[in-house]
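Numbered from 1 within each chain, the chains take letters A, B, ... in sequence-line order. Everything numeric here is computed off the predicted structure, so don't read it as measured data.
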Protein chains: 2
Amino acid sequence: MKRFVEVEQFLKARGIRLTGERQLIVRRAVSYLHFTAEELVKDVRTIDPTVARGTVYRTLGLLHRTGVVEKHDFRYGPPNYEVTFAKAHHDHLMCIQCGEIIEFQEPRVEHIQEQVVKRYGYQLLSHTHKLYGLCQKCRHVNPKRASKAPMLHVEEIVA
Amino acid sequence: MKRFVEVEQFLKARGIRLTGERQLIVRRAVSYLHFTAEELVKDVRTIDPTVARGTVYRTLGLLHRTGVVEKHDFRYGPPNYEVTFAKAHHDHLMCIQCGEIIEFQEPRVEHIQEQVVKRYGYQLLSHTHKLYGLCQKCRHVNPKRASKAPMLHVEEIVA
DNA sequence: AATCTAGTTGAGACTTAGTCTCAAGAAAGA
DNA sequence: TCTTTCTTGAGACTAAGTCTCAACTAGATT
């Protein structure tokens, strides 16, 4: 079954009104792996220019609140969204040069996290774990000009 | 030795001009554990209202590029800065109710990260690892009203 | 100490990303 | 079909941050 149909059924089952605008927005959103709010606005308005910016933001907020999309703050740049509906939990590895994003799973880290929160008497609700580096290609390319990304912290650089 | 003196020496050694504005900004910044750019602007301008907003932002950028401060995108709200100069690497655990931030160290996770990046042929440059949850106190408090934070993702909630 | 000059500053316009308001329009139940 | 409630488009508004430029100043040079 198409991914957007599942999402639409999920929304309907929660008593959320399925308007034409929302359907369009959901269908465009699932076509991306990752996207920014403004990218989605542009994309949707390319197909139907009558859809207001506000509607895209509102729908994105709705999808976020209902757990259909996840919001990622990759460094440098506006937040990034991902339709995680019916998708296994994963974390991200990003190339700071070309922007490639790789999704990885690491149950061992999840396990250690549990130990950490227990240590401080916390109840774990969620987490983010992002790795930044250079992919094989970019490592061998001499950047033509300085990237816009700020210099890395001395302490952050892993030997 | 006072923390800000060390930072000032570090900047000087790198040939960075030490103006009165920069000294004030550094001194206020090191007095916080975590702060937002706007908080720092307000704080600095309380002491010297002639310092421009832009100067605080520029100096913060300078401190960031030189690795004196680190920028954290805790979810919900503007980014958070931390003077990490001469401070051991650590990650963060945050209470989403009261905002408490705990710094923790987990060499085991750092080690697993190395394995992950090797798996994909990447060179690791930096990472962020943030845990969100409820502290002991907040877990037992019935929130008076819904928090502004978006609902958690089903997949994000750890059993 | 006076001079020089590249780097820094204040002021404020500008940008980007996102929120809010409200009248008009559309979905779903009665 | 009517009614109620929710959603929408339009655009004003806000928050956070960036940029420009003439005036100023730290620190090097004399």
Side-chain angles (χ1 to χ4, degrees), chain A residues 8-9 11-26 28-29 34-66 69 71-81 146-150, chain B residues 8-26 28-29 34-66 69 71-81 146 148-150:
Chain A
E8 285 170 9
Q9 286 181 350
L11 294 176
K12 205 151 202 177
R14 303 202 28 159
I16 289 164
R17 217 179 263 182
L18 222 52
T19 65
E21 289 85 352
R22 287 182 179 170
Q23 286 183 31
L24 173 58
I25 292 163
V26 167
R28 295 314 303 149
H34 292 266
F35 58 92
T36 65
E38 289 298 324
E39 271 166 17
L40 185 59
V41 168
K42 241 186 224 164
D43 182 335
V44 164
R45 288 176 59 88
T46 299
I47 296 170
D48 181 353
T50 71
V51 175
R53 243 165 66 83
T55 300
V56 176
Y57 272 93
R58 275 187 298 241
T59 303
L60 205 43
L62 174 75
L63 295 173
H64 189 208
R65 283 194 306 280
T66 53
V69 316
K71 187 180 175 184
H72 300 299
D73 280 303
F74 288 113
R75 295 201 277 223
Y76 327 133
N80 210 292
Y81 293 86
S147 136
K148 280 198 69 179
Chain B
E8 286 169 9
Q9 285 181 351
F10 170 80
L11 294 175
K12 205 150 202 176
R14 302 203 27 161
I16 289 164
R17 212 179 266 182
L18 221 54
T19 64
E21 289 86 351
R22 288 182 177 170
Q23 287 183 30
L24 173 58
I25 291 164
V26 167
R28 295 315 303 148
H34 292 266
F35 58 93
T36 65
E38 288 300 322
E39 271 167 17
L40 185 59
V41 168
K42 240 186 227 166
D43 182 336
V44 164
R45 289 177 58 87
T46 299
I47 295 171
D48 181 354
T50 71
V51 176
R53 243 165 65 85
T55 299
V56 176
Y57 273 92
R58 275 186 298 241
T59 303
L60 206 43
L62 174 74
L63 295 173
H64 189 208
R65 284 194 306 280
T66 53
V69 316
K71 187 178 175 185
H72 300 299
D73 279 303
F74 288 113
R75 296 203 275 226
Y76 327 134
N80 211 290
Y81 293 86
K148 280 197 69 179

Chemist: Nearest to the side chain of A/Thr55, which nucleotide is it out of C/dT8, D/dG17, D/dG9?
Modeler: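 The answer is D/dG9, which lies nearest to the side chain.
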
Chemist: Walk me through whether A/Tyr81 and A/Leu63 qualify under side chain to side chain contact (heavy atoms under 4.5 Å, CB included).
Modeler: CA-CA 10 Å; A/Tyr81 293 86; A/Leu63 295 173; over 6 Å; no

Chemist: Whole Å only: how far is the CZ atom of B/Arg53 from the P atom of C/dG10?
Modeler: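 Atom CZ in B/Arg53 sits about 13 Å away from atom P in C/dG10.
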
Chemist: Taking only N and O in the side chain of B/Tyr57, is any of them less than 4.0 Å away from OP1 or OP2 of D/dG17?
Modeler: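 So the side chain of B/Tyr57 is within the cut-off, an N or O lying under 4.0 Å from OP1 or OP2 of D/dG17.
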
Chemist: B/Val41 vs B/Tyr57, test: side chain to side chain contact (heavy atoms under 4.5 Å, CB included). Steps then yes/no.
Modeler: CA-CA 8 Å; B/Val41 168; B/Tyr57 273 92; 4.1 Å; yes

Chemist: Starting at the 5' end of DNA chain D and moving along, which residue's nearest nucleotide shows up first, B/Thr36 or A/Thr59?
Modeler: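 The residue whose closest nucleotide sits nearer the 5' end is A/Thr59.
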
Chemist: Report each atom pair, protein N/O against N/O of nucleotides 26-30 of chain C, whose distance is under 3.5 angstrom.
Modeler:
none

Chemist: Atom CZ of B/Arg45 to atom P of C/dG12: distance rounded to whole Å?
Modeler: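 After rounding, the reported distance stands at 11 Å.
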
Chemist: Looking at D/dT18, I'd like to know if its phosphate oxygens (OP1 or OP2) sit under 4.0 Å from a side-chain N or O belonging to B/Arg58.
Modeler: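 Answer is no, no contact under 4.0 Å.
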
Chemist: On DNA chain C, does the nearest nucleotide to B/Gly54 precede the nearest nucleotide to B/Gly15 from the 5' side, or the other way round? Give the residue.
Modeler: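 Taking each residue's closest nucleotide, the earlier one in sequence belongs to B/Gly15.
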
Chemist: Under 3.5 Å, is there a donor-acceptor pair between the side chain of B/Arg22 and the main chain of B/Arg17?
Modeler: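 Flag set: sc B/Arg22 to bb B/Arg17 pair under 3.5 Å.
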
Chemist: Find the distance B/Leu11:CG to D/dG27:C1' and express it as a whole number of Å.
Modeler: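 To the nearest whole Å, that distance equals 16 Å.
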
Chemist: Considering only D/dA16, D/dG9, C/dG18, which nucleotide approaches the side chain of B/Pro78 most closely?
Modeler: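 Looking only at heavy atoms from C-beta outward on B/Pro78, the closest nucleotide is D/dA16.
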
Chemist: Given D/dT8, D/dA16, C/dT9, which nucleotide is nearest the side-chain atoms of A/Arg22?
Modeler: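 That would be D/dT8.
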
Chemist: Does the pair A/Thr59 and A/Glu21 meet the rule for a side chain to side chain contact (heavy atoms under 4.5 Å, CB included), with working shown?
Modeler: CA-CA 9 Å; A/Thr59 303; A/Glu21 289 85 352; 5.9 Å; no

Chemist: Would you please classify the geometry between the B/His34 ring and the B/Phe74 ring as parallel, tilted or perpendicular, with 30° and 60° separating the classes?
Modeler: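 Ring orientation, 0 to 90° scale: perpendicular.
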
Chemist: Atom CZ of A/Arg14 and atom P of D/dC6: how far apart are they, to the nearest Å?
Modeler: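 So the CZ-P distance, A/Arg14 to D/dC6, works out to 16 Å.
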
Chemist: Measure across B/Leu60 and B/Val69 and return the closest heavy-atom pair with its distance rounded to 0.1 Å.
Modeler: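 Shortest heavy-atom contact: O-CG2, 4.2 Å.
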
Chemist: Between B/Tyr81 (OH) and D/dA16 (P), how many Å, whole number?
Modeler: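 In whole Å, D/dA16 P lies 12 Å from B/Tyr81 OH.
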
Chemist: Assess whether side chain to side chain contact (heavy atoms under 4.5 Å, CB included) is satisfied between B/Val26 and B/Leu18, documenting all intermediate values.
Modeler: CA-CA 10 Å; B/Val26 167; B/Leu18 221 54; over 6 Å; no

Chemist: Using whole Å, report how far CD of B/Glu21 lies from C1' of D/dG27.
Modeler: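 After rounding, the gap between these two atoms is 15 Å.
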
Chemist: Taking atom C1' of D/dG27 as reference, at what distance in whole Å does atom CD of B/Gln23 sit?
Modeler: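 From B/Gln23 CD to D/dG27 C1': 13 Å.
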
Chemist: Rounding to an integer number of Å, can you tell me how far A/Phe35 CZ sits from C/dG18 P?
Modeler: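 Rounded to the whole Å, the gap is 12 Å.
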
